[in-house]
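Naming: A, B, ... by sequence-line order, numbering from 1 per chain.
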Amino acid sequence: MARYDPKETEPKWRAAWDGAGVFTTPAEGGGKPKYYVLEMFPYPSGRIHMGHVRNYTMGDVVARYKRAKGFNVLHPMGWDAFGMPAENAAMERGVHPKGWTFANIDGMRDQLKQLGLSIDWSREFATCEPQYYGKQQAWFLKLMETGLVYRKEAQVNWDPVDMTVLANEQVIDGKGWRSGAVVEKRKLTQWFLRITDYADDLIEGLKTLDRWPDKVRLMQENWIGRSKGLRFSFNWAGPAPEGLEDGLAVYTTRPDTLFGASFVGIAPDHPLAEQLAAADPRVAAFVAECRKGGTSEADIEGAPKLGMDTGISVVHPFDPDWKLPVWIANFILSEYGTGAIFGCPAHDQRDLDFARKYNLPVTPVVLPNGADPAEFQVENEAYVGPGKIFNSKFMDGLEVEPAKAAAIERIEAQGQGEGATVYRLRDWGVSRQRYWGCPIPVLYCDACGVVPVPADQLPVVLPDDVTFDVPGNPLLRHPTWRHVSCPTCGGPAERETDTLDTFMDSSWYFARFADPHATEPVNKAAADYWLPVDQYIGGVEHAILHLLYARFVTRALKDVGLLSVAEPFAGLFTQGMVNHETYFQAGTDARPVWVEPAVVEFYAEAGQRRARVAATGEPLVIGDVEKMSKSKKNTVAPEDIIAAYGVDAARLFVVSDSPPERDFHWSTGGVEGAGRFVSRAWNEFDAQPSAGSAGMAAGSDPKSDELRRATHKLIKAVGESIEGFKFNSGIAKLYEFLNILKGFPAEGASAAVIAARAEALSAFARLIAPFTPHLAEEAWVRLGETGMAVDAPWPEYDPGLAADSELVLPVQVNGKRRGEVHVAKGAAEADVRQLALADAGVQVHLAGVTVRKVIIVQDRIINIVAN
RNA sequence: GGGGACGUGGUGGAAUGGUAGACACAGCAGACUUAAAAUCUGCAGGCGAAAGCCGUCCGGGUUCGAGUCCCGGCGUCCCUACCA
């Protein structure tokens with residue numbers, strides 16, 4: 001009996017699949033239902049890691065399963081290829097971003113192909129290819145025509161040394177992550193997409209996504225942050241400041257507490273504050289003080305409330321004689337609502353902190369149920385619960401919600417404002433002052449202003465001849481690229497040198513896969529057939545930005561007629577990370593000296609698992625299980641694992657030990673176990689006598705029946721586990737079945753058992769195929785089946801065989817298991833009752849007590865209540 | 001501060017309200033071997049010689065029956081954050 005050698009069989013079968021073109025997606029239609037499986041496409045960083053292996057294996061399990069179930073499956077792969085790491089590499093190593101990116105893609109493609117994924121590589125593309133980003137420019141211009149794209153000034157984090165804009169996460173302690181220079185706030189005119197136009201629809205759409213995790217839907221809902229309230233304007237008590245003749249606009253979700261107002265607050269960068277600062281150095285100094293302080297969590301958390309009375313007053317909307325002071329306050333955000341609030345200290349904690357600090361009045365207007373209006377007071381904790389409104393004239397006695405409605409109605413009647421819905425979501429700034437991205441297809445002409453690049457001049461291609469030896473955007477200093485003539489007037493014009501946020505690239509690639517060579521951005525017919533993606537799989541870290549942008553862009557493309565669906569991903573699955581134990585040198589607990597797993601060996605000491613350096617015997621401490629990272633040195637390289645155990649073992653292991661949505665604990669022992677399964681499974685296939693000797697009319701005996709039942713139960717269980725994304729349970733069943741199979745050795749077996757084994761092994765080969773596809777092919781040949789396992793249909797189970805006909809039911813007395821009875825499935829209650837009461841173990845516990853009740857759950861359990 | 005998830009052996013985990021701990025890792029014992037590795041077989045929640053008792057973070061509750069449902073704690077992790 002030959003030992004199974006994955007090194008020999010695996011490349012052979014990948015070549016066979018490739019040669020037969022089995023994963024090239026057939027044309028649309030053809031009678032089969034379609035199924036689109038997509039894993040979030042990778043950034044070509046250089047090498048694949050175990051996270052990729054797990055992610056793409058999960059997608060492949062689904063894709064191969066659906067293929068076998070008779071679906072027309074689309075399972076493509078591409079590259080999210082624009083982005084900063086390429087520019088960083090250019091600056092650090094003098095390589096060109098393009099060369100670096102494509103070299104990485106070549107390397108990673110080879111690695112991914114080694115995983116034996118059922119991917120249609122003919123649809124592959126990279127977002128940095130003009131054939132892709134040129135189409136992106138085309139639809140960007142379409143959105144511009146419909147007004148979804150606009151320009152406005154916005155603040156950015158500016159690194160004065162690198163002369164570049166930084167994302168928030170690149171600002172560390174107020175300094176640029178690379179240069180270490182103190183970051184400045186700068187205002188730049190930038191391009192924005194009106195995602196806020198779709199805020200409501202994006203929230204409503206979440207309700208239709210019943211195959212998305214609740215967690216992700218909730219995160220998106222919170223991110224969009226819809227709140228209903230009242231927007232209104234205070235009238236000035238004195239002369240109106242310039243440009244604010246219509247009053248001071250505020251937004252509130254608690255109009256019911258208007259009679260508890262004690263001040264009005266504005267943000268430090270509110271137009272009124274800026275106006276006052278320009279006129280008064282004291283105000284200017286205060287505003288500057290507010291701006292100091294970092295934006296980190298800790299800074300905000302500990303930041304004290306700061307305020308300054310402007311000396312200006314406004315009139316309370318419900319009482320012309322009531323004047324409220326206007327304060328500048330550091331805790332008010334200019335970007336949310338109107339950048340101004342009315343402060344109600346009794347019922348808002350921030351307002352209360354502020355009022356206590358500056359001795360402003362605190363007037364409760366919501367009385368908690370059961371509290372005495374004469375005695376109720378707010379000390380240092382604002383009351384935000386339910387209750388009845390008091391101290392509030394026309395609202396007195398109302399509950400909170402009716403009071404809100406009453407206040408809004410009154411304000412609207414006065415013509416001072418209206419009920420309004422406000423979102424936390426901001427418009428999407430897509431300009432990036434970088435080279436390695438999709439050029440924004442726009443020109444600036446002195447005479448004509450902003451001019452879109454005409455469609456026939458697309459794509460606007462990135463120039464290759466750029467340098468990274470000096471800081472700043474290479475496009476800006478390129479000698480010729482930006483200088484063009486205006487397509488409208490023929491005069492001199494300049495190109496936009498900003499490129500698009502790479503999230504734009506990943507917001508529509510799933511639609512491009514429907515036909516990656518289409519002349520239009522999207523081949524409508526192909527997209528109509530394939531979209532939405534039936535199963536999207538990726539990391540939960542994309543739960544908000546990527547998935548929200550993709551949902552938005554899909555809607556926008558629908559509105560310009562390029563797509564027919566509003567939701568791109570009908571099903572979403574978010575998989576967990578890959579973790580690994582850490583190891584460090586003994587005695588370095590305070591500042592651990594990490595040791596990589598490759599040099600570690602394990603041994604047992606007093607029944608405990610210990611670690612040491614294999615070469616030297618130096619003792620090591622086994623640390624926590626953490627996300628694989630270079631800094632902790634707890635990574636393992638997929639290529640090493642594949643070389644040692646084979647692809648099938650690696651694939652099997654990454655989906656076997658934890659539920660897919662949870663973090664996965666990589667271990668050497670674990671992958672060895674998966675490798676053992678592969679070779680033991682092969683041994684069972686190999687032990688089966690060739691088909692001819694069994695014969696078809698083998699009949700049946702109790703042994704063969706038992707095996708057949710186990711087989712059909714397995715088919716049912718594995719199918720259900722894949723459908724339900726419980727791969728770990730399905731694989732456990734496969735392991736279990738292999739153990740069962742050992743109880744039915746081929747040697748010396750009856751013809752009936754040999755036949756039952758043949759049925760079992762044929763099914764087993766197909767059931768393991770999504771996980772260990774190479775082994776499945778090898779087994780398929782060994783079993784004498786025709787064709788390839790990859791083309792074999794998923795086995796069907798016989799419901800009659802998948803359920804037991806003889807059952808062993810536990811019998812409980814007062815909830816404790818005391819015995820068991822053997823009954824036929826569906827046995828009559830009276831018979832079961834009699835058997836249960838007669839059981840010896842049960843009898844012991846019924847001595848001296850009276851049976852009060854017997855609960856029989858059909859085919860499940862019997863519980864006897866006695867006392 | 002707000003929102004969410006989770007808490008089961010030494011470990012990862014399994015269990016439509018119905019026999020808790022499937023399956024695997026680590027461990028232990030045995031077989032094979034001159035020996036080791038590999039492989040195979042077996043044991044294995046705790047206490048107990050056994051019968052049995054106790055066991056799913058803690059405390060209550062619902063139920064014939066709770067890991068699972070409800071209420072109140074504690075703990076861990078994730079997201080979000082001066083969002084009016």
Chemist: For B:A5 versus B:A24, give the span between their P atoms, rounded off to a whole number of Å.
Modeler: 32 Å
Chemist: Output yes when A:R709 and A:E706 qualify as a salt bridge under the 4.0 Å nitrogen-oxygen rule, no when they do not.
Modeler: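 The answer is no: the pair does not qualify as a salt bridge.
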Chemist: For residues 724-746 of chain A, please give each side-chain donor-acceptor pair under 3.5 Å, one per line with the distance, not counting sequence neighbours.
Modeler:
| residue | atom | partner | partner atom | Å |
| --- | --- | --- | --- | --- |
| A:N739 | OD1 | A:R680 | NH2 | 2.8 |

Chemist: Hey, does the side chain of A:R676 come within less than 4.0 Å of B:C25's phosphate (OP1/OP2), counting only N and O?
Modeler: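 Answer yes for this pair, as a side-chain N or O of A:R676 is under 4.0 Å from OP1 or OP2.
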Chemist: How long is the gap from CD on A:E626 to CG on A:N634, to the nearest 0.5 Å?
Modeler: 6.5 Å
Chemist: Hunt down the Watson-Crick or G-U wobble partner of B:A66, both distances under 3.5 Å, from any strand shown, or write none.
Modeler: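 Partner of B:A66: none.
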Chemist: Indicate, with a heavy-atom threshold strictly under 4.0 Å, whether A:R217 touches base, sugar-phosphate, or nothing.
Modeler: nothing
Chemist: May I ask you to check whether A:F354 and A:F263 place their ring centres under 6.0 Å from each other?
Modeler: yes
Chemist: Between A:I328 (CD1) and B:C82 (P), how many Å, whole number?
Modeler: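 To the nearest whole Å, that distance equals 20 Å.
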Chemist: Are any of the side-chain nitrogens in A:D353 or A:R350 under 4.0 Å away from the carboxylate oxygens of its partner?
Modeler: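 Looking at A:D353 and A:R350, the cut-off is not met.
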Chemist: So what does A:R817 hit on the nucleic acid, given a heavy-atom distance under 4.0 Å: a base, only sugar-phosphate, or nothing?
Modeler: base
Chemist: Kindly point out which of B:G12, B:U19, B:A26 is positioned nearest to the side chain of A:R609?
Modeler: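 Ranking B:G12, B:U19, B:A26 by closest atom to the A:R609 side chain puts B:A26 first.
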Chemist: Partner of B:U33 by Watson-Crick or G-U wobble geometry, both contacts under 3.5 Å, or none?
Modeler: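 Its partner is none (no Watson-Crick or G-U wobble pair with both distances under 3.5 Å).
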Chemist: Once you round it to whole Å, what is the distance between C1' of B:G12 and CD1 of A:I731?
Modeler: 13 Å
Chemist: Select base, sugar-phosphate, or nothing to describe what A:S227 touches, counting heavy atoms under 4.0 Å on all strands.
Modeler: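 Counting heavy atoms under 4.0 Å across all strands, the contact made by A:S227 is with sugar-phosphate only.
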Chemist: Measure the spacing between CZ of A:F771 and CD1 of A:I722 and express it to the nearest 0.5 Å.
Modeler: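 CD1 of A:I722 is found 4.0 Å from CZ of A:F771.
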Chemist: Report which part of the nucleic acid A:I332 touches: base, sugar-phosphate, or nothing (heavy-atom distance under 4.0 Å, all strands).
Modeler: base
Chemist: Rounded to whole angstrom, note down the C1' distance from B:G9 over to B:A26.
Modeler: 12 Å
Chemist: Among B:G18, B:A14, B:A26, which is the nearest nucleotide to the side chain of A:E672?
Modeler: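 When the side chain of A:E672 is considered, B:A26 is the closest of B:G18, B:A14, B:A26.
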Chemist: When you measure from every atom of RNA chain B, which of residues 257-265 of chain A have a heavy atom less than 4.0 Å away?
Modeler: none
Chemist: Of the nucleotides B:C79, B:G3, B:C23, which has the atom closest to the A:E736 side chain?
Modeler: B:C23
Chemist: Provide the distance between the two P atoms, one in B:A14 and one in B:C69, to the nearest whole Å.
Modeler: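 It works out to 15 Å between them.
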Chemist: How would you label the contact of A:N222 with the nucleic acid (heavy atoms, under 4.0 Å): base, sugar-phosphate, or nothing?
Modeler: sugar-phosphate
Chemist: So do A:S227 and A:Y251 actually touch side chain to side chain, heavy atoms under 4.5 Å?
Modeler: yes
Chemist: Taking only the side-chain heavy atoms of A:R860 (C-beta and beyond), determine which of B:U16, B:A38, B:G13 contains the nearest atom.
Modeler: B:U16
Chemist: What is the distance from CD of A:Q575 to P of B:C78, rounded to the nearest Å?
Modeler: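 The answer, rounded to whole Å, is 17 Å.
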Chemist: With a 3.5 Å cut-off and no angle check, do the side chains of A:T196 and A:D427 form a donor-acceptor pair?
Modeler: yes
Chemist: Among B:U19, B:A14, B:A84, which is the nearest nucleotide to the side chain of A:R662?
Modeler: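 Side chain of A:R662 sits closest to B:A14.
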Chemist: Whole-Å distance between B:A14 P and A:E661 CD?
Modeler: 8 Å
Chemist: When the ring planes of A:F232 and A:F342 are compared, do they come out parallel, tilted or perpendicular, using 30° and 60° as the limits?
Modeler: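 Tilted.
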Chemist: Under a 3.5 Å cut-off for both contacts, is B:U76 paired Watson-Crick or G-U wobble with anything, and if yes, with which nucleotide?
Modeler: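 B:A5 is the nucleotide pairing with B:U76.
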Chemist: Between A:E601 and A:Y603, is there a side-chain donor-acceptor contact under 3.5 Å, judged purely by atom types and distance?
Modeler: no
Chemist: Using a strict 4.0 Å threshold on nitrogen-to-oxygen distance, state whether A:K713 and A:D804 make a salt bridge.
Modeler: yes
Chemist: Have a look at A:R818 and say if it touches a base, only the backbone sugar-phosphate, or nothing, with a 4.0 Å heavy-atom cut-off.
Modeler: sugar-phosphate
Chemist: Tell me which of A:R424 and A:A674 sits closer to the 5' end of RNA chain B, going by the nucleotide each one is nearest to.
Modeler: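 Its nucleotide being nearer the 5' end, the pick is A:A674.
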Chemist: Phosphate oxygens OP1/OP2 of B:C82: is one of them under 4.0 Å from a side-chain N or O of A:N330?
Modeler: no
Chemist: Any side-chain donor-acceptor pair under 3.5 Å between A:N683 and A:Y4?
Modeler: no
Chemist: Is there a side-chain contact between A:E581 and A:H665, using heavy atoms and a 4.5 Å cut-off?
Modeler: yes
Chemist: Between B:A14 and A:K726, is there an OP1 or OP2 to side-chain N/O distance shorter than 4.0 Å?
Modeler: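 Checking A:K726 against B:A14: no side-chain N or O falls below 4.0 Å of OP1 or OP2.
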Chemist: Base, sugar-phosphate, or nothing for A:D214, non-hydrogen atoms under 4.0 angstrom?
Modeler: nothing
Chemist: Check the distance between B:C79's C1' and A:L218's CG and give it to me in whole angstrom.
Modeler: 9 Å
Chemist: Using a heavy-atom distance cut-off of less than 4.0 Å, which residues of residues 845-857 of chain A contact RNA chain B?
Modeler: A:I855, A:V857
Chemist: Tell me what A:N739 touches on the nucleic acid: a base, only sugar-phosphate, or nothing, going by heavy atoms under 4.0 Å.
Modeler: sugar-phosphate
Chemist: Would you mind classifying the nucleic acid contact of A:G673 as base, sugar-phosphate or nothing, using non-hydrogen atoms under 4.0 angstrom?
Modeler: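 Sugar-phosphate only.
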Chemist: Partner lookup for B:U16, please. Criteria are Watson-Crick or G-U wobble with both distances under 3.5 angstrom; report none if nothing qualifies.
Modeler: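 When the pairing criteria are applied, nothing turns out to pair with B:U16, so the answer is none.
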Chemist: Using the P atom as the point on both nucleotides, what is the distance between B:G21 and B:C83, in whole Å?
Modeler: 49 Å
Chemist: If you only use heavy atoms from C-beta on, which nucleotide in B:A15, B:C25, B:C83 is closest to the side chain of A:S729?
Modeler: B:A15
Chemist: Taking only side-chain N and O atoms of A:R231, does any of them lie within less than 4.0 angstrom of OP1 or OP2 on B:A84?
Modeler: no
Chemist: How long is the line joining CD1 of A:I622 and P of B:C25, in whole Å?
Modeler: 17 Å
Chemist: Taking only the P atom of each, what is the distance from B:G17 to B:C70 in whole angstrom?
Modeler: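 Between the two P atoms, the distance is 12 Å.
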Chemist: Heavy atoms under 4.0 Å, any strand shown: does A:Y735 hit a base, just sugar-phosphate, or nothing?
Modeler: sugar-phosphate
Chemist: Tell me what A:E335 touches on the nucleic acid: a base, only sugar-phosphate, or nothing, going by heavy atoms under 4.0 Å.
Modeler: nothing
Chemist: Can you tell me the base-pairing partner of B:C43? Count Watson-Crick or G-U wobble geometry only, both distances below 3.5 Å, and say none if there is no partner.
Modeler: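 B:G27 - that is the nucleotide pairing with B:C43, both distances being under 3.5 Å.
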Chemist: By nearest atom, which of the nucleotides B:G4, B:U16, B:A14 is closest to the A:K215 side chain?
Modeler: B:G4
Chemist: Taking only the side-chain heavy atoms of A:W223 (C-beta and beyond), determine which of B:U41, B:U19, B:A81 contains the nearest atom.
Modeler: B:A81
Chemist: Paired with B:A38: which nucleotide, if any, by Watson-Crick or G-U wobble criteria at under 3.5 Å for both distances?
Modeler: none
Chemist: Assuming nearest nucleotide by heavy-atom distance, tell me which of A:S656 and A:I544 is located more 5' along RNA chain B.
Modeler: A:S656
Chemist: Could you check whether any side-chain heavy atom of A:V842 comes within less than 4.5 Å of a side-chain heavy atom of A:V821, counting everything from C-beta outward?
Modeler: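 Answer no - side chains too far apart.
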Chemist: I need the CG-P distance between A:L333 and B:A81, as an integer number of Å.
Modeler: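 In whole Å, B:A81 P lies 11 Å from A:L333 CG.
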Chemist: Taking the minimum atom-to-atom distance to the side chain of A:P810, which one of B:U11, B:A14, B:U19 wins?
Modeler: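 Between B:U11, B:A14, B:U19, the one nearest the side chain of A:P810 would be B:U19.
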Chemist: Would you mind telling me which of B:A14, B:G18, B:C25 lies closest to the side-chain atoms of A:P659?
Modeler: B:A14
Chemist: Within this structure, what is the NZ-to-C1' distance between A:K816 and B:A66, rounded to whole angstrom?
Modeler: 13 Å
